[in-house]
> 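So that we are looking at the same thing, I have put the structure below in structure tokens.
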Protein chains: 2
Amino acid sequence: MKTEKISELTTNRLSIYLRCLNELSAEGAKTISSGRLAKRFHLNSAQIRKDLACFGEFGVRGVGYYIADLKEQITKILGLDHKHRVAIIGAGRLGMALTDYYGFTQTNFEVAALFDADEEKIGSKVGKVKVFDLKNFERVIRKEDIDVAVIAVPAQFAQSVLETVAKSGIKAVMNFAPTPLRFADDIKVKTIDLTISLESLSYFLAKPQND
Amino acid sequence: MKTEKISELTTNRLSIYLRCLNELSAEGAKTISSGRLAKRFHLNSAQIRKDLACFGEFGVRGVGYYIADLKEQITKILGLDHKHRVAIIGAGRLGMALTDYYGFTQTNFEVAALFDADEEKIGSKVGKVKVFDLKNFERVIRKEDIDVAVIAVPAQFAQSVLETVAKSGIKAVMNFAPTPLRFADDIKVKTIDLTISLESLSYFLAKPQND
DNA sequence: CTAGACTGTTTCAAGTGTGAAACACGATGA
DNA sequence: TCATCGTGTTTCACACTTGAAACAGTCTAG
């Protein structure tokens with residue numbers, strides 16, 4: 001096991017491996033070698049072994065990996081062995097959509113609260129999730145034991161919302177506002193910029209020769 | 001102007017520059033140098049000049065860039081000077097949410113049709129957008145002049161949907177299904193995997209020392 | 001017991017992106 | 001006219017990631 005710092009690309013691949021293992025597991029397979037895993041899912045066997053070896057010796061020489069065991073290990077590494085409670089800030093279209101989104105519930109993420117600054121929205125409900133006043137953010141997230149925040153507000157408010165979030169002690173943030181954010185390095189912010197992605201597609205369509 | 005192949009990272013930055021220019025433009029500024037642009041928006045001036053020089057000589061030595069002109073140039077490069085018409089496949093929660101979201105916030109992208117395979121959904125409407133039978137995909141996208149597709153179906157159907165999309169002649173696809181897809185290299189598929197992003201946050205919270 | 005399979009680990013080459021530096025050239029202003 | 005500013009362009013070093021190769025150690029099958 002190497003104790004060097006682990007690249008985010010590595011952990012992203014762990015997510016993918018976990019999916020593959022779930023698929024194999026559903027098929028009733030018990031063990032899998034890195035070679036067969038790579039062939040089946042179009043991955044690279046050397047990379048699989050390297051990635052896994054970062055976290056321990058999970059494989060058995062001459063055999064491969066025990067699927068059930070490896071699933072459990074990766075689940076634990078990724079912190080998916082316990083529920084996360086999520087706050088979504090911004091009860092606009094995107095925020096409400098994400099509240100309903102299955103992807104959260106699927107993987108042990110539960111939306112516990114919505115926040116907005118708009119008086120008209122505060123107090124209403126989206127499904128079973130109540131909309132709170134953003135002013136009470138810190139109090140509510142403590143009471144609800146929330147550890148992940150999602151920023152779904154217009155770009156011009158995102159930085160100030162992030163500061164509120166950071167001050168409350170939350171360390172993991174997903175940002176959908178199309179703007180770069182500045183933050184201390186003890187918290188993690190993942191920005192998903194749909195605008196850039198769309199414009200990238202647009203460029204592909206527009207560029208002279210589609211090679 | 002270099003005519004080498006242009007990295008996607010470059011075009012992503014163009015999107016960002018365009019936003020910055022819009023902001024400056026709104027403030028009434030007429031010209032901007034790469035140096036001041038970099039300082040203002042925490043970018044790198046050398047990179048800005050390199051990126052822009054990929055597409056032509058937009059700047060004026062001794063002066064900088066004329067904001068209005070550069071905005072227009074980048075808009076044209078990114079193909080944002082005309083509307084794109086979007087089809088969203090999968091009228092589930094995510095698909096419906098995106099329909100609302102794009103419809104109102106993305107001025108250059110207009111959602112023209114929803115598709116689903118579920119009889120109960122076909123024929124209904126989400127806002128002003130009608131839900132069509134996925135079987136009629138090719139006919140509808142021709143009639144509606146659609147050039148971008150968004151895949152918002154469960155992972156196990158994504159590959160087959162992509163093949164339907166590819167066969168119809170659409171060249172730009174945004175995929176929200178958490179699965180890797182295979183496709184010919186004359187079409188562009190951008191996968192946005194919210195699951196991986198969430199799990200990456202989870203890992204950050206779970207890892208031994210939050211450095 | 002022996003042969004083969006497969007992991008864990010190291011090493012290396014290749015590709016890519018980044019950031020700094022240097023410099024010619026053109027534009028502006030005094 | 002001359003100094004200054006800023007672009008366009010090249011060059012370089014550095015970092016990171018990937019993929020391949022090699023090899024020792026360990027497990028299973030026969």
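Order of the sequence lines fixes the chain letters, A, B, ..., with proteins taken first and strands second; residue numbering starts at 1 for each chain. Only heavy atoms go into these numbers, but all of them, side chains included; no hydrogens, no water, no symmetry mates.
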> Using distance alone, with no hydrogens and no angle criterion, decide if Glu199(A) and Ser15(B) have a side-chain donor and acceptor under 3.5 Å apart.
yes
> Starting at atom CG of Leu43(A), determine the distance to atom P of dA20(D), rounded to an integer number of angstrom.
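Interatomic distance, CG of Leu43(A) to P of dA20(D): 13 Å.
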> What is the separation between atom CG on Asp69(B) and atom C1' on dT7(D), rounded to the nearest whole Å?
14 Å
> Do any side-chain nitrogens or oxygens of Tyr65(A) fall under 4.0 Å of OP1 or OP2 in dA5(C)?
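Looking at the OP1 and OP2 atoms of dA5(C), neither is under 4.0 Å from any side-chain N or O of Tyr65(A).
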> Tell me which pairs pass ring-ring contact (aromatic ring centres under 6.0 Å, His included) where either residue lies in residues 159-200 of chain B, with sequence neighbours left out.
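For residues 159-200 of chain B: none.
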> Take the protein atom CG of Leu52(B) and the nucleotide atom P of dT7(D), then report the distance between them rounded to whole Å.
9 Å
> Is the Phe58(A)-Tyr65(A) ring centre distance short of 6.0 angstrom?
no
> In this structure, how many angstroms lie between the P atom of dT17(D) and the CG atom of Asp51(A), rounded?
11 Å
> Do Leu18(A) and Lys71(A) pass the side chain to side chain contact (heavy atoms under 4.5 Å, CB included) test, and can you show the C-alpha distance, the side-chain angles, and the key distance before you say yes or no?
CA-CA 6 Å; Leu18(A) 189 52; Lys71(A) 262 178 60 178; 4.2 Å; yes
> What is the distance from CG of Leu70(B) to P of dG6(D), rounded to the nearest Å?
16 Å
> Between Ser34(B) and dG6(D), is there a contact of a side-chain N or O with OP1 or OP2 at under 4.0 Å?
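For dG6(D), neither OP1 nor OP2 has a side-chain N or O of Ser34(B) closer than 4.0 Å.
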> Spell out protein contact along nucleotides 17-30 of chain C as letters: B when the base is contacted, S when just the sugar-phosphate is, - when no protein heavy atom is under 4.0 Å; keep the 5' to 3' order.
SSBB----BBSS--
> Rounding to a whole Å, what distance do you find between Ile6(A):CD1 and dT17(D):C1'?
15 Å
> Regarding Lys167(A) and Glu163(A), does a basic nitrogen lie under 4.0 Å from an acidic carboxylate oxygen?
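The answer is no: the pair does not qualify as a salt bridge.
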> Could you state the CD1-P distance from Ile48(B) to dT7(D), rounded to the nearest angstrom?
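Interatomic distance, CD1 of Ile48(B) to P of dT7(D): 9 Å.
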> Once side-chain hydrogen bond (donor to acceptor under 3.5 Å, both in side chains) is applied, do any residues pair with Glu72(B), and if so which ones, sequence neighbours excluded?
none
